[in-house]
Participant: 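I am attaching a structure below and will ask some questions about it afterwards.
Any value given below was found using the heavy atoms of this structure, including those in side chains, with hydrogens, waters and symmetry copies removed. These numbers were taken from a predicted model, which means no experiment stands behind them.
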Amino acid sequence: IERIFRQDWLAIGREEEIAKPGDYMAVDVVGEPIVVTRDEDGGLNAFSNRCRHRGVQVAPNGCGNTRRLTCPYHGWSYDLNGCLVGAPQMDKTEGFDVGDIRLAVLRVGVWHGWVFISLNPEPLPLEEFVAPLEGDVGFLQQGRCRIGATLVSTWDCNWKLVTENLSDPYHFRALHGSSFGPRIPIETYKFELRDRGGISASYDAAPQTPKGDALLGPMPWLSNYPPGLSVFGFMAPNMTVIGRIDEVHVYTVWPEAVDRTRVVLYRLFAEDHFGLPDFKEKSKVHSDYLAGVVDEDVWVAPMLQQAAASKNFKPGRMSWLEEAVHHQMRYNAERTFS
């Protein structure tokens with residue numbers, strides 16, 4: 001947490017979730033409550049979601065709309081720029097000045113509709129941090145997409161086992177043999193290994209639906225691409241982007257304990273497609289199908305964790321198809337122990 005998650009930019013949600021003045025998004029990031037607000041001028045602000053008095057959260061987890069962020073413990077309230085504007089019964093306290101107090105400010109930025117925050121007061125510029133992923137998946141134009149559905153799941157394993165699993169095509173034919181596994185040409189799979197643990201791959205594969213067909217048709221800006229367009233991009237520490245001709249699905253991975261991880265899966269569809277008369281039904285087919293795929297991975301996650309703690313287990317030789325997994329392992333080891 002200290003050497004990786006507290007240093008890097010982290011995607012915590014979509015800008016559309018806090019689109020209007022007064023909107024806020026409150027989430028937990030590796031044990032730190034965070035709140036992002038849209039102020040009256042339309043700007044984004046990110047703060048530690050802890051009152052400057054006794055540390056109680058000033059916004060409940062989730063999304064909402066408000067003019068004031070108010071601590072439920074003693075009633076201190078803050079405006080959308082994080083400035084203290086009310087502190088009941090503090091007027092007789094010597095040396096206390098409302099104007100001196102503000103919620104702790106965090107770095108915030110936006111990339112293709114994704115809201116990023118950093119717990120590091122001096123991170124790399126966001127555009128530099130995301131540059132490798134931009135080069136690999138920027139053409140998907142996620143900023144022109146909207147959320148069709150989100151799925152939150154708990155994996156009973158360490159967070160690194162989750163990100164490794166998402167970049168491991170070796171398990172597709174076995175674990176996912178009854179879903180998408182047979183459609184992925186793993187024999188021709190070729191990864192590009194990027195700096196700072198990044199990974200990309202492009203290959204030919206069917207859309208993520210039960211029959212492998214693009215129910216909504218291609219996203220308009222991808223209409224000139226082949227129907228089997230598939231692209232994969234991983235940005236350390238915890239963001240995986242997988243694009244198809246008709247949608248984009250993105251995983252964000254959050255460690256909650258050494259053996260428990262929260263995974264948020266976003267299904268993004270072209271904004272133009274939301275107006276189709278059968279969008280709701282067809283997008284649900286997409287989402288239900290991918291939820292089944294996630295269940296397959298969640299099922300095996302505890303066994304991976306148990307193996308890591310077993311005195312009777314010694315890891316076997318890695319396959320050439322696990323090149324990206326090895327790349328992640330080396331990068332995380334360097335970040336943790338260098």
Participant: If I take atom CG from residue Leu124 and atom CG from residue Asp8, how far apart are they, to the nearest 0.5 angstrom?
Facilitator: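 Interatomic distance, Leu124 CG to Asp8 CG, rounded to 0.5 Å: 8.0 Å.
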Participant: Contact between Asp23 and Glu17 at the side-chain level, heavy atoms closer than 4.5 Å - yes or no?
Facilitator: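 Not touching, per the 4.5 Å side-chain cut-off.
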Participant: Okay, side chain of Thr209, backbone of Gly212: is any donor-acceptor separation there less than 3.5 Å?
Facilitator: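 Here the side-chain-to-backbone pair exists.
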Participant: For the CD1 atom of Ile245 and the OG atom of Ser223, what is their distance to the nearest 0.5 Å?
Facilitator: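 Between Ile245 CD1 and Ser223 OG, I get 7.5 Å after rounding to 0.5 Å.
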Participant: Leu290 vs His249, test: side-chain contact (heavy atoms from CB on, under 4.5 Å). Steps then yes/no.
Facilitator: CA-CA 9 Å; Leu290 199 53; His249 46 285; 3.6 Å; yes
Participant: Do Cys157 and Val162 make a side-chain contact, defined as non-hydrogen atoms from C-beta onward lying under 4.5 Å apart?
Facilitator: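 In short, these two side chains touch, coming nearer than 4.5 Å.
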Participant: Under a plain distance cut-off of 3.5 Å, with no hydrogens placed, do Thr336 and Asn332 share a side-chain donor-acceptor pair?
Facilitator: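 Absent: no donor and acceptor within the cut-off.
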Participant: Can you tell me how far OH of Tyr24 sits from CG of Leu69, rounded to the nearest 0.5 angstrom?
Facilitator: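 Result: 8.0 Å between the selected atoms.
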Participant: Ignoring hydrogens and geometry, is there a side-chain-to-backbone donor-acceptor pair from Asp246 to Pro218 under 3.5 Å?
Facilitator: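 No, Asp246 side chain to Pro218 backbone: no donor-acceptor pair under 3.5 Å.
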Participant: With a sphere of 6.0 Å drawn around CZ of Phe313, does it hold more than 12 non-hydrogen atoms of other residues, nucleotides or ligands?
Facilitator: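 Yes - once you tally the heavy atoms of other residues, nucleotides and ligands closer than 6.0 Å, there are more than 12.
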Participant: Remaining members of Val325's ILVMFWY cluster at a side-chain heavy-atom cut-off under 4.5 Å?
Facilitator: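 The other cluster members (ILVMFWY side chains, heavy atoms under 4.5 Å, direct or chained) are Met318, Met329.
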Participant: Nearest 0.5 Å please: distance from the CE atom of Met303 over to the OG atom of Ser310.
Facilitator: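 That separation rounds to 14.0 Å.
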Participant: Can the ring centres of Phe47 and Tyr78 be said to be less than 6.0 Å apart?
Facilitator: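 Not under 6.0 Å, so no.
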Participant: Counting heavy atoms not belonging to Trp299, are there more than 12 under 6.0 Å from its CH2?
Facilitator: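 Atom CH2 in Trp299 is not crowded, with 12 or fewer foreign heavy atoms closer than 6.0 Å.
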Participant: Do the ring centers of Phe269 and His286 come within less than 6.0 Å of each other?
Facilitator: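 Between His286 and Phe269, which both carry aromatic rings, the centre distance is below 6.0 Å.
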Participant: Determine whether Val258 and Val30 fall in the same hydrophobic cluster, where Ile, Leu, Val, Met, Phe, Trp and Tyr are linked whenever their side-chain heavy atoms lie under 4.5 Å apart.
Facilitator: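 Different clusters: Val258 never reaches Val30 through Ile, Leu, Val, Met, Phe, Trp or Tyr contacts under 4.5 Å.
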Participant: Hey, does Val152 have a side-chain heavy atom less than 4.5 Å from the side chain of Val263?
Facilitator: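 Sidechains of Val152 and Val263: no contact.
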Participant: With rounding to the nearest 0.5 angstrom, report the OH to CG distance, Tyr331 to Leu193.
Facilitator: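 It comes to 13.5 Å.
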Participant: If you measure only the distance, is there a donor-acceptor pair under 3.5 Å linking the side chains of Gln328 and His326?
Facilitator: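 Not at all, the side chains of Gln328 and His326 share no donor-acceptor pair under 3.5 Å.
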Participant: With a cut-off of 3.5 Å and sequence neighbours excluded, list every side-chain donor-acceptor pair involving residues 133-145.
Facilitator:
from   : atom 1 : to     : atom 2 : distance (Å)
Glu134 : OE1    : Trp111 : NE1    : 2.8
Glu134 : OE1    : His112 : NE2    : 2.8
Asp136 : OD1    : Arg194 : NH2    : 2.6
Asp136 : OD2    : Arg194 : NE     : 3.1
Gln141 : OE1    : Arg144 : NH1    : 2.8
Gln142 : OE1    : Trp114 : NE1    : 2.8

Participant: Can you name the residues that form a salt bridge (charged side-chain N to carboxylate O under 4.0 Å, His left out) with Glu187, not counting sequence neighbours?
Facilitator: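 Salt bridge (charged side-chain N to carboxylate O under 4.0 Å, His left out) list for Glu187, sorted by chain: Arg173.
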Participant: I'd like to know if Arg6 and Glu32 make a salt bridge, using a cut-off of under 4.0 Å between side-chain N and carboxylate O.
Facilitator: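 Looking at Glu32 together with Arg6, the answer is yes, because their closest N to O distance falls below 4.0 Å.
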Participant: Is it the case that more than 12 heavy atoms not belonging to Gln89 sit under 6.0 Å from its CD atom?
Facilitator: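 No, CD of Gln89 has 12 or fewer neighbouring heavy atoms, counting only those of other groups under 6.0 Å.
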Participant: Could you tell me whether the side chain of Tyr170 reaches within less than 4.5 Å of the side chain of Ile186, counting heavy atoms only?
Facilitator: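 They are not in contact (no side-chain heavy atoms under 4.5 Å apart), so the answer is no.
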Participant: Supply the members, apart from Val56, of the Ile/Leu/Val/Met/Phe/Trp/Tyr cluster built from side-chain contacts under 4.5 Å; use none for a lone residue.
Facilitator: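 Tyr73, which link up through side-chain heavy atoms under 4.5 Å apart, make up the rest of the cluster.
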Participant: Is the count of non-hydrogen atoms from other residues, nucleotides or ligands lying under 6.0 Å from Arg68 atom CZ greater than 12?
Facilitator: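 Yes, because the 6.0 Å sphere around CZ of Arg68 holds more than 12 heavy atoms from other groups.
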Participant: For the residue pair Glu322 and Pro169, establish whether any side-chain heavy-atom pair is separated by less than 4.5 Å.
Facilitator: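 Not touching, per the 4.5 Å side-chain cut-off.
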Participant: I want to check something: taking the side chain as every heavy atom from C-beta on, are Ile18 and Leu44 in contact at a cut-off of under 4.5 Å?
Facilitator: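 Side chain of Ile18 against side chain of Leu44, heavy atoms only: contact under 4.5 Å found.
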Participant: Provide the full list of side-chain hydrogen bond (donor to acceptor under 3.5 Å, both in side chains) pairs with a residue in residues 145-157, sequence neighbours left out, each pair given once.
Facilitator: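 Every side-chain hydrogen bond (donor to acceptor under 3.5 Å, both in side chains) pair that includes a residue of residues 145-157, provided the two are not neighbours, is Ser153-Trp155.
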Participant: Before you tell me yes or no, could you show the steps for Phe274 and Ser283 under side-chain contact (heavy atoms from CB on, under 4.5 Å), namely the whole-Å CA-CA distance, both residues' side-chain angles and the distance that decides it to 0.1 Å?
Facilitator: CA-CA 9 Å; Phe274 280 74; Ser283 65; over 6 Å; no
Participant: Centroid separation under 6.0 Å, is that true for the rings of Phe232 and Phe234?
Facilitator: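 No.
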Participant: Is it possible for you to say whether Ile1 and Trp159 belong to one hydrophobic cluster, with membership spreading through side-chain heavy-atom contacts below 4.5 Å?
Facilitator: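 In one cluster: yes.
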Participant: Hey, what do you get for CG (Asp39) to CG (Asp79), rounding to the nearest 0.5 Å?
Facilitator: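 Nearest 0.5 Å value for the CG-CG distance: 8.5 Å.
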Participant: Hey, quick one: are Val35 and Val85 part of the same hydrophobic cluster, counting side-chain heavy atoms closer than 4.5 Å, chains of contacts allowed?
Facilitator: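 Per the 4.5 Å side-chain linkage, Val35 and Val85 are not co-clustered.
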Participant: For Arg102, I'd like to know if atom CZ has over 12 heavy atoms of other residues, nucleotides or ligands within 6.0 Å.
Facilitator: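 Yes, enclosed.
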Participant: Could you check if a side-chain atom of Val115 sits within less than 4.5 angstrom of a side-chain atom of Arg14, using non-hydrogen atoms only?
Facilitator: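 When only atoms from C-beta onward are counted, Arg14 and Val115 do not touch, as no gap falls below 4.5 Å.
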Participant: Does CG in Asp195 sit with more than 12 non-hydrogen atoms of other residues, nucleotides or ligands closer than 6.0 Å?
Facilitator: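 No, the 6.0 Å shell around CG holds no more than 12 heavy atoms from other groups.
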Participant: Test salt bridge (charged side-chain N to carboxylate O under 4.0 Å, His left out) on Arg38 and Glu15 and set out the steps.
Facilitator: CA-CA 10 Å; Arg38 177 78 66 181; Glu15 195 173 15; 3.2 Å; yes
Participant: Aromatic ring centroids of His176 and Phe180 under 6.0 Å?
Facilitator: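 That pair passes the under 6.0 Å test.
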Participant: Between Thr261 and Glu256, is any side-chain donor less than 3.5 angstrom from a side-chain acceptor?
Facilitator: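 Checked: Thr261/Glu256 side chains show no N/O donor-acceptor pair below 3.5 Å.
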Participant: Do the non-hydrogen side-chain atoms of Arg50 and Pro33 ever get within less than 4.5 Å of each other?
Facilitator: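 Arg50 vs Pro33: side chains touch.
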Participant: Report the hydrophobic cluster partners of Val285, with the cluster defined as I, L, V, M, F, W, Y residues connected by side-chain heavy atoms closer than 4.5 angstrom, directly or transitively.
Facilitator: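 Its cluster mates, by chain and number, are Leu215.
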